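So the structure is just underneath, and the comments pick up after that.
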Amino acid sequence: MKLRSFGEMGTHVFNQNLKITQLGKLGRIEEAIKVFSQKTQKNTVTYNSMVSAYAKNGRIRDARHLFDKIPCRNLVSWNTMMAGYLHNDKVEEAYEVFVKMPKRDLFSWTLMITCYTRNGELQKARELFNLLPDKQDSVCWNAMIAGYAKKGLYEEAKKLFYEMPVKNLVSCNSMLAGYTKDGEMRIGLQNLIVDGFVEVGDLDSAWKFFKKIPEPNVVSWVTMLCGFARSGRIVEVQDLFEQMPSRNVVSWNAMFAAYVQDSQIDRAVRLFSEIPERDSVSWTTMINGYVRVGKLDEVRQLLHRMPYKNIAAQTAMISGYVQSKRMDEASQIFNQIGTCDIVCWNTMIVGYAQCGRMVEAQFLFNQMTNKDLVSWNSMITGYAQAGQMDKALEIFDVIGKRNIVSWNSMIAGFLQNRLYLDALKMFLMMRKEGRRPDQSTFSCGLSACVNLAALQVGEQLHQLILKSGYVNDLFNLIIDGFVEVGDLDSAWKFFKKIPKPNVVSWVTMLCGFARSGRIVEVQDLFEQMPSRNVVSWNAMLAAYVQDSQIDRAVKLFSEIPERDSVSWTTMINGYVRVGKLDEARQLLHRMPYKNIAAQTTMISGYVQSKRMDEASQIFNQIGTCDIVCWNTMIVGYAQCGRMVEAQFLFNQMTNKDLVSWNSMITGYAQAGQMDKALEIFDVIGKRNIVSWNSMIAGFLQNRLYLDALKMFLMMRKEGRRPDQSTFSCGLSACANLAALQVGEQLHQLILKSGYVNDLFVSNALITIYALNGYGKEAVELLEEMLIEGVAPDQVTFVGVLSACSHAGLVAQGLKLFKNMTQIHKIEPLPEHYACLVDLLGRAGRLEEALKIMLEMKVKATAGLHGALLGAAKIHRNLELSKYATEKLLKLEPHKASNYVLLSNIHAEAARWNEVERIRVLMSERITEKQPGCSWIELGNQVHSFLSDDAAQPRIAEGKDVHQPMLRNFSNGVWDSTPTLLAIINEIHVKLQMV
């Protein structure tokens with residue numbers, strides 16, 4: 001209750017503060033004063049809101065008077081007072097506040113610099129600008145450039161413009177306004193304007209302006225060429241390159257870089273060979289091109305050929321190895337470099353961190369003499385990914401000057417490791433230190449609030465986001481959040497409320513509908529889009545592919561204005577999905593730049609169709625395969641039972657992940673080679689749940705039920721938590737061993753683990769009940785499934801009908817069979833009819849059983865005739881027995897038990913001639929009788945026995961126990977009951993301990 005009261009009080013204070021601010025903006029100052037005066041609980045925000053209201057309404061003295069009375073001023077208090085003076089044109093008073101400020105943020109500096117530039121006091125503005133501690137933000141630069149341009153000081157404006165780290169449209173407009181006079185351009189302006197438009201990404205305006213230049217010089221051409229190249233507009237780059245009257249090495253490199261960026265590696269190689277004079281940029285760009293498409297062997301050869309190896313080229317090579325997680329080879333290159341620059345050091349540290357090798361990362365980090373923020377932040381991210389947030393915090397605490405990435409890395413790290421409170425605490429600490437959050441910070445903060453169900457904190461963050469200018473990012477974040485959790489209706493409702501959705505909003509919504517297969521909504525949204533980028537085209541294409549509308553996908557693919565690698569790969573995947581592998585192969589051949597994703601998709605198609613030789617052809621054409629490609633091939637060979645080839649590839653892999661290891665286990669299990677599967681399993685460094693399940697399922701598939709249970713117990717002893725697949729396999733093993741007590745223990749574990757409503761687990765439990773004659777329990781479990789909303793399948797009804805048959809629940813079984821077909825719409829299989837025939841047969845309703853067999857739509861199986869035979873034999877119906885047995889002999893002519901059954905039936909009827917005929921027929925067909933097999937639970941172990949198996953170590957002991965039991969039974973004495981109960985209790989106790 002106290003917590004709730006506190007929350008309500010906090011919301012009330014927030015609303016009152018907001019009301020003061022709004023009244024101040026509307027000029028209703030007296031009402032604002034009244035609200036302020038009536039507040040019994042005032043916080044710093046309350047005072048700041050009132051100071052702002054006074055200042056905006058011209059009552060600057062009242063604002064200053066109240067400011068002086070604020071009990072605990074924060075940075076916002078000082079900024080508000082300074083902004084108030086500036087709003088009332090009191091520059092000197094504002095500067096006095098600025099000087100006295102105990103701490104300033106970027107907003108404080110921007111206010112004063114902007115004020116001086118607008119008043120024409122450029123010397124004072126420049127003095128402040130030079131003292132500005134962080135010059136990364138463009139606002140202060142723009143203020144200074146605009147001030148110089150306005151005063152006609154073009155050289156100073158131009159100098160500052162070129163020094164500016166990141167130019168934007170405001171910067172360009174300020175320069176343009178200064179350079180333009182009476183509609184005539186000053187000399188040298190052309191290149192500056194082209195460069196300005198290129199810098200802000202407005203290539204259409206840059207191109208229009210470029211075409212108006214009477215005689216563009218080489219700088220103009222290269223600036224325009226680089227702009228198109230950086231934006232991936234490859235067609236325009238090619239056209240411009242061809243039109244150039246003369247080319248220098250910069251223009252060659254720009255054209256070359258465009259091909260590399262577009263992954264057109266073959267064209268890049270050809271152009272590289274044509275460059276008249278290559279510089280270090282040419283070589284480094286080509287190396288980077290090979291790295292981008294994963295051809296690391298070619299990279300290594302090119303680096304070896306390079307006449308003068310520079311640090312940039314070597315770092316590009318290292319980066320390639322890092323991306324492929326080949327850290328040992330990256331380390332070889334790194335150790336060959338005489339003096340590494342900071343980028344090279346950071347690349348190695350990032351690589352080790354991404355691979356979870358934090359010991360090596362820390363070793364390199366300690367060796368660095370000059371660390372930048374990338375170094376520190378990489379270590380924080382690495383430790384966060386490794387789950388070592390204590391070490392991440394140690395690194396964070398000793399950083400001299402943190403940037404936004406440092407804070408975001410810590411907050412995101414806490415979030416990844418589910419330390420949501422710590423994430424919010426770090427967010428608050430960041431705000432206290434005056435750091436301005438960005439969209440990433442807000443995203444993490446909102447995620448933490450969601451996980452903590454902290455609604456009020458989330459609302460406060462919402463208000464901060466609205467004030468910060470990240471409104472569109474917030475909208476997109478919320479839409480993306482709804483899409484991620486599959487709540488597309490809420491996402492759509494929210495999308496429709498956005499005043500001006502940007503392209504990210506449209507694409508996020510489009511991709512959400514596409515992934516969920518809502519093809520109609522995707523089409524409608526695609527048609528409504530005001531503008532489409534390649535991502536939206538690809539999303540629409542992927543929707544058609546996912547919906548198997550291959551003809552529409554082909555048509556859309558032909559209409560895409562500019563296809564990227566995703567477009568080609570998606571279309572290839574579309575053909576693969578519908579089995580049109582020849583068309584997929586043709587499209588791959590047409591693809592201008594083949595990437596590993598498209599080739600792996602093609603391989604996957606051949607693997608699914610078991611066309612492994614063709615898959616191998618594609619695989620062998622790839623220069624450097626990624627781990628997904630390797631695993632696809634291994635899985636393919638394993639599924640085809642070609643374990644020699646699978647093992648050969650597996651041995652060649654330099655970097656194996658758990659998918660590789662688990663695929664080999666599954667392959668050997670399917671091939672019946674559990675000894676080799678166990679060898680693989682034993683050498684896995686760090687197993688996951690799939691590794692354990694693959695082994696347990698493998699033992700189960702190969703009827704090694706005891707080994708399956710032993711593996712389950714070993715898994716539990718190692719502290720691994722079973723999932724529904726593990727439990728399902730364990731219960732199936734118990735069912736096949738008739739180990740009811742072990743099955744009951746597993747059932748208890750399932751109840752505790754929360755998998756009781758899993759279909760596979762429920763089916764396995766029903767099977768155990770059926771095999772042990774617990775019909776009522778099986779039916780009750782089915783009813784529980786239906787109550788919990790778990791839809792039964794064909795396997796469920798085979799189990800429950802079998803249970804009804806063994807327990808003699810005839811009426812219940814017939815009713816369930818009817819419900820299966822009429823309510824659950826499940827088509828009966830021969831196994832269902834076999835259960836029904838057995839159910840009716842055991843009850844002596846042989847005519848009904850035979851009628852069902854004759855009228856059913858499915859083809860009769862040996863199981864069906866076996867069920868009929870068993871019933872006929874129990875009720876001594878000779879004719880029906882003979883009918884069923886003869887059917888069995890036709891279906892299973894080499895099975896000895898069928899002949900023995902028929903012989904026994906004739907013997908009971910004293911038809912000795914028939915008996916002799918059957919025995920002769922049996923010997924002629926050379927049938928072999930399988931030995932009997934039994935299991936017994938004893939001393940926490942399940943032992944299996946084959947009849948007359950001398951190899952079984954305890955067979956003699958079993959006989960010694962068995963003979964006295966028979967004597968006691970024949971004498972009508974059963975004195976051993978307490979001993980048996982004691983054994984059962986012992987089993988329970990030991991299993992519970994395990």
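Every value quoted in this text rests on a predicted model; they were computed, and no experiment measured them.
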query: What about Trp407 and Phe396, are their ring centers closer than 6.0 Å?
result: yes

task: Look up atom CD1 in Ile560 and atom CD in Glu562, then write down how far apart they are to the nearest 0.5 Å.
output: 11.0 Å

task: Mark yes or no for whether Arg577, through its side chain, and Ser548, through its backbone, hold a donor-acceptor pair below 3.5 Å.
output: no

query: Counting only N and O atoms by type, is there a donor-acceptor contact under 3.5 Å from the side chain of Gln794 to the main-chain atoms of Ile826?
result: no

message: As a quick check of understanding, evaluate side-chain contact (heavy atoms from CB on, under 4.5 Å) for Ser406 and Leu373, giving each step before the final call.
response: CA-CA 8 Å; Ser406 317; Leu373 274 170; 3.9 Å; yes

- request: Please tell me if the side chains of Met591 and Ile572 come closer than 4.5 Å, counting only heavy atoms from C-beta onward.
  value: yes

message: Please determine whether side-chain hydrogen bond (donor to acceptor under 3.5 Å, both in side chains) holds for the pair Asp422 and Asn417, giving the CA-CA distance in whole Å, both sets of side-chain angles, and the decisive distance to 0.1 Å.
response: CA-CA 10 Å; Asp422 294 296; Asn417 290 279; over 6 Å; no

query: Does Arg532 offer a backbone N or O that forms a donor-acceptor pair with the side chain of Ser536 under 3.5 Å?
result: no

- prompt: Going by distance alone, is a donor N or O of one side chain under 3.5 Å from an acceptor N or O of the other, for Asn48 and Thr80?
  reply: no

task: May I ask you to test the Arg436-Leu106 pair for a side-chain heavy-atom distance under 4.5 Å?
output: no

- prompt: What pair of heavy atoms forms the shortest contact from Gly605 to Leu581, and how long is it?
  reply: O-CD1, 3.7 Å

- prompt: Going by heavy atoms in the side chains, are Thr569 and Gln599 under 4.5 Å from each other?
  reply: no

task: Please lay out, stage by stage, how Leu419 and Met389 fare under the test side-chain contact (heavy atoms from CB on, under 4.5 Å).
output: CA-CA 9 Å; Leu419 302 168; Met389 285 308 297; 4.1 Å; yes

- prompt: What is the ring orientation for Trp568 with Phe557, classed by angle as parallel under 30°, tilted 30 to 60°, or perpendicular over 60°?
  reply: perpendicular

Separation of Ile411 CD1 from Lys425 NZ (nearest 0.5 Å): 14.0 Å

- prompt: Can you list the steps and then say if Asp793 with Thr796 is a side-chain contact (heavy atoms from CB on, under 4.5 Å)?
  reply: CA-CA 5 Å; Asp793 62 2; Thr796 316; 2.7 Å; yes

query: Counting N and O atoms only, with roles assigned by atom type, does the side chain of Ser516 sit under 3.5 Å from a partner on the main chain of Phe513, one being a donor and the other an acceptor?
result: no

query: Any donor-acceptor pair under 3.5 Å linking the side chain of Ser728 with the backbone of Gln724?
result: no

- prompt: Among side-chain atoms of Asn74 and Thr44, is any donor-acceptor pair under 3.5 angstrom?
  reply: no

- prompt: What's the spacing between Ser604 OG and Ile618 CD1 if we round to 0.5 Å?
  reply: 12.5 Å

task: Please check if the distance between the ring centroids of Trp506 and Phe495 is under 6.0 Å.
output: yes

- request: Of all the heavy-atom pairs spanning Ala584 and Val576, show the shortest one and how long it is.
  value: CB-CG2, 4.2 Å

- prompt: Side chains of Leu782 and Phe797: does their closest heavy-atom pair fall under 4.5 Å?
  reply: yes

query: Are side-chain N/O atoms of Asn573 and Thr570 paired as donor and acceptor at under 3.5 Å?
result: no

- request: Would you check if the side chain of Ser52 reaches a backbone N or O of Ser49 as a donor-acceptor pair within less than 3.5 Å?
  value: no

message: I need the minimum non-hydrogen distance between Ala392 and Met410, along with the two atoms involved.
response: O-SD, 3.8 Å

query: If you look at every heavy atom in Arg563 and Ser558, which pair is closest and at what distance?
result: NH2-CA, 3.6 Å

message: Does atom CZ (Arg431) have a neighbourhood of more than 12 heavy atoms from anything else shown, all under 6.0 Å?
response: no

message: The test is side-chain hydrogen bond (donor to acceptor under 3.5 Å, both in side chains); show your working for Asn17 and Thr46 and say whether it passes.
response: CA-CA 5 Å; Asn17 293 342; Thr46 315; 2.7 Å; yes

query: Can Lys19 and Glu31 be counted as an ion pair, charged N to O under 4.0 angstrom?
result: no

field: Exceeds 12 heavy-atom contacts within 6.0 angstrom, atom CD of Glu827
entry: no

- request: Check the side chains of Tyr606 and Arg585 for a donor-acceptor pair under 3.5 angstrom, ignoring hydrogens and angles.
  value: yes

query: Going from CE on Met529 to OG on Ser505, what distance comes out if it is rounded to the nearest 0.5 angstrom?
result: 9.5 Å

- request: Name the orientation class of the two ring planes belonging to Phe526 and Trp537 (parallel below 30°, tilted from 30 to 60°, perpendicular beyond 60°).
  value: perpendicular

- request: Working to the nearest 0.5 Å, report the span between CD of Glu559 and CG of Leu541.
  value: 11.0 Å

task: Before giving the answer on side-chain contact (heavy atoms from CB on, under 4.5 Å), spell out for Leu786 and His824 the whole-Å C-alpha distance, their side-chain angles and the decisive distance to 0.1 Å.
output: CA-CA 11 Å; Leu786 296 173; His824 301 287; 3.5 Å; yes

query: Looking only at side chains, do Asn662 and Asn693 share a donor and an acceptor under 3.5 Å apart?
result: no

message: When you compare the side chain of Tyr575 with that of Val545, does any pair of heavy atoms fall below 4.5 Å?
response: no

- prompt: Can you tell me how far CG of Leu75 sits from CG of Asp105, rounded to the nearest 0.5 angstrom?
  reply: 4.0 Å

- request: Indicate whether the side chain of Thr381 and that of Gln385 have a donor and an acceptor atom separated by less than 3.5 Å.
  value: no

field: Flag, side chain of Lys325 to backbone of Val322, donor-acceptor distance under 3.5 Å
entry: no

- request: List the atom of Gln523, the atom of Arg552, and the distance in Å for their closest heavy-atom pair.
  value: NE2-NH1, 2.6 Å

task: Taking Asp547 for its side chain and Gln549 for its backbone only, find out whether a donor-acceptor pair lies under 3.5 Å.
output: no

field: Exercise: do Asn631 and Asp657 side chains pair donor with acceptor under 3.5 Å
entry: yes

statement: Closest non-hydrogen atoms of Ala543 and Val522, given as atom of the first, atom of the second and distance, are CB-CG1, 3.9 Å

